[in-house]
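From a predicted model like this one, the values you see are computed outputs, not experimental measurements.
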Amino acid sequence: MLRTLCRTGGALLQQTQRAAPRLWATPAQQRWASSLPMNTVVLFVPQQEAWVVERMGRFHRILEPGLNFLIPLLDRIRYVQSLKEIVIDVPEQSAVSLDNVTLQIDGVLYLRILDPFKASYGVEDPEYAVTQLAQTTMRSELGKLTLDKVFRERESLNSNIVHSINQASDDWGIRCLRYEIKDIHVPPRVKESMQMQVEAERKKRATVLESEGTREAAINVAEGRKQAQILASEAQKAEQINRASGEAQAIMAKAEAKSKAIHLLSDALAEQNGNAAASLSVAEQYVSAFSNLAKESNTILLPSNSGDVTGMVTQAMTIYSSLAKATPHKPAAAVVVEEKNGEEEFNQPSQ
């Protein structure tokens with residue numbers, strides 16, 4: 001009897017294995033999980049796996065990782081679901097952007113099974129369903145963007161695809177974690193035009209930067225010239241002020257020196273034999289003036305009695321004596337003989 005039951009159970013298990021659908025998993029998982037486990041009464045479920053058990057053709061329970069017991073002949077393992085993160089390669093497909101550019105795009109889909117019951121009974125082939133959903137969603141999202149925005153808003157495009165997949169895959173017990181676009185292939189002519197556009201944009205930026213540099217250089221040169229002129233005018237102003245101050249101080253010094261010289265001369269004339277000294281000085285200046293006439297100019301104006309030195313000195317002293325008598329209370333100043341325009345002049349300094 002026991003032998004008959006074992007033979008019957010073995011035949012049922014073989015029929016179950018032949019009738020069992022293909023597992024939806026990655027190629028690596030299919031290599032080690034090519035067949036469903038047999039009901040050996042005592043079963044050990046690996047970690048991160050969920051075994052769906054049917055009793056007499058109806059869903060019974062899901063075996064948890066660890067030690068589990070099943071009834072022979074009545075219970076059978078119908079599905080094995082992996083609870084790990086699964087990677088699905090989305091095949092390359094064609095999509096048309098908003099500006100009517102045909103693109104070839106492929107991607108990678110990352111998902112995880114959250115409910116083994118829904119993943120087993122909610123859809124016939126979960127891998128095929130999710131792949132087709134990802135492709136249709138990608139084409140729909142690309143149709144909303146232009147070619148330039150496809151490259152700029154790649155992250156936003158991935159998040160929109162994930163959101164759309166999760167809305168449809170809730171009934172399948174599957175959660176899409178992320179979607180990544182691997183490659184975007186652009187038609188050759190469009191690619192050439194994009195390269196030309198990039199080159200033109202770079203030339204434009206180079207020209208703008210060069211013009212801005214020229215403008216900044218011109219502004220800097222103008223500012224430098226302005227500052228130089230301001231500094232030069234300030235320096236000239238300071239120079240003129242210093243020169244005027246120096247000239248004023250020189251005039252004051254000359255005036256003070258002349259005043260002291262006049263006072264000294266007046267005191268000398270007031271002393272004894274002062275008139276004789278004045279006569280001697282006038283005679284010396286007269287002779288010196290006549291000796292320099294021919295050296296400075298070709299035109300010489302001489303008085304009629306130029307050879308009479310005694311008469312000239314006597315005349316000068318007479319003028320000096322008359323002035324001294326006219327102003328008896330003030331000291332007399334010396335008579336100075338000056339040469340002006342080739343003529344001899346006798347000037348009486350101001351008192």
Side-chain angles (χ1 to χ4, degrees), residues 21-34 48 81-114 118-119 122-210:
R22 179 176 60 87
L23 293 177
W24 83 282
T26 60
Q29 293 171 344
Q30 291 179 359
R31 283 195 294 268
W32 63 264
S34 58
Q48 289 298 99
Q81 304 292 354
S82 176
L83 303 181
K84 300 177 183 179
E85 187 174 347
I86 302 171
V87 182
I88 299 176
D89 188 7
V90 180
E92 187 177 6
Q93 61 175 335
S94 299
V96 181
S97 62
L98 185 61
D99 50 355
N100 297 324
V101 178
T102 303
L103 304 175
Q104 298 291 331
I105 298 182
D106 57 353
V108 180
L109 186 63
Y110 299 85
L111 51 86
R112 177 176 292 171
I113 295 176
L114 301 180
K118 292 183 179 180
V123 63
E124 182 65 26
D125 191 347
E127 180 179 356
Y128 179 75
V130 173
T131 302
Q132 294 300 315
L133 181 60
Q135 289 181 339
T136 55
T137 305
M138 184 190 300
R139 284 194 294 266
S140 176
E141 293 295 330
L142 286 176
K144 301 176 183 178
L145 301 175
T146 59
L147 180 60
D148 295 336
K149 290 186 178 180
V150 169
F151 294 99
R152 289 200 302 265
E153 301 182 3
R154 200 163 180 171
E155 184 177 355
S156 176
L157 180 62
N158 293 337
S159 62
N160 292 337
I161 293 175
V162 170
H163 179 70
S164 300
I165 292 175
N166 287 331
Q167 286 181 341
S169 62
D170 287 340
D171 295 336
W172 304 340
I174 301 172
R175 182 70 177 177
C176 181
L177 302 179
R178 59 189 179 275
Y179 180 87
E180 298 293 339
I181 297 177
K182 290 197 300 183
D183 296 321
I184 300 177
H185 300 284
V186 183
R189 297 185 62 181
V190 177
K191 189 174 182 180
E192 292 177 0
S193 63
M194 291 175 63
Q195 291 178 351
M196 294 175 61
Q197 181 180 1
V198 170
E199 292 178 359
E201 185 68 24
R202 290 185 180 276
K203 290 180 180 179
K204 174 185 175 182
R205 285 187 291 178
T207 304
V208 171
L209 291 176
E210 184 178 0

field: His163 atom NE2: more than 12 heavy-atom contacts under 6.0 Å
entry: no
- prompt: Which value, rounded to the nearest 0.5 Å, describes the distance between Leu142 atom CG and Leu145 atom CG?
  reply: 7.0 Å
- request: Give a yes or no on whether a salt bridge exists between Glu141 and Lys144, defined as a side-chain N under 4.0 angstrom from a carboxylate O.
  value: yes
Asn158 and Arg178: CA distance, side-chain angles, deciding distance, side chain to side chain contact (heavy atoms under 4.5 Å, CB included) verdict: CA-CA 7 Å; Asn158 293 337; Arg178 59 189 179 275; over 6 Å; no
query: Taking atom CD of Gln132 and atom OG1 of Thr137, what is their separation to the nearest 0.5 Å?
result: 10.5 Å
Polar contact flag, side-chain donor to acceptor under 3.5 angstrom, Ser97-Asp99: yes
task: Of all the heavy-atom pairs spanning Arg154 and Lys182, show the shortest one and how long it is.
output: NH2-O, 3.2 Å
query: If every non-hydrogen atom of Ala168 is compared with every non-hydrogen atom of Leu133, which pair is closest and at what distance?
result: CB-CD2, 3.5 Å
query: Any side-chain heavy atom of Leu103 sitting closer than 4.5 Å to one from Leu147?
result: yes
message: Nearest 0.5 Å, please: how far is CD1 in Ile184 from CD in Gln104?
response: 11.5 Å
- line: Residues Cys176 and Val162: closest non-hydrogen pair is O-CG1, 3.6 Å
task: Mind checking the CD-CG spacing from Glu153 to Asp148? Nearest 0.5 Å is all I need.
output: 10.5 Å
query: How far apart are the closest heavy atoms of Asn100 and Val96, and which atoms are they?
result: CA-CG1, 3.8 Å
query: Hey, what do you get for OG1 (Thr136) to CD (Gln93), rounding to the nearest 0.5 Å?
result: 8.0 Å
- prompt: Is there a side-chain contact between Arg202 and Glu199, using heavy atoms and a 4.5 Å cut-off?
  reply: no
- request: Say whether, by atom type as modelled, one donor and one acceptor occur between the side chain of Ser159 and the main chain of Ser156 under 3.5 angstrom.
  value: yes
message: With side chain to side chain contact (heavy atoms under 4.5 Å, CB included) as the test, pick out the partner of Leu109 among Ile161, Val87, Ile165.
response: Ile165
field: Closest approach of Gln135 to Pro91 (non-hydrogen atoms, all atoms of both residues)
entry: NE2-CD, 3.3 Å
Neighbour count >12 (heavy atoms, 6.0 Å) for atom CZ, Arg205: yes
task: First locate atom CD of Glu127, then atom CD1 of Ile86, and finally report the distance between them rounded to the nearest 0.5 Å.
output: 8.5 Å
- prompt: Does any non-hydrogen side-chain atom of Asn166 lie less than 4.5 Å from one of Arg175?
  reply: yes
- prompt: Which atoms form the tightest heavy-atom contact between Gly122 and Trp172, and what is the distance?
  reply: O-CD1, 4.1 Å
message: Quick check: do Asp106 and Val90 have side-chain heavy atoms less than 4.5 Å from each other?
response: no
message: Measuring only between side-chain heavy atoms, which start at C-beta, is Asp183 closer than 4.5 Å to Glu92?
response: no
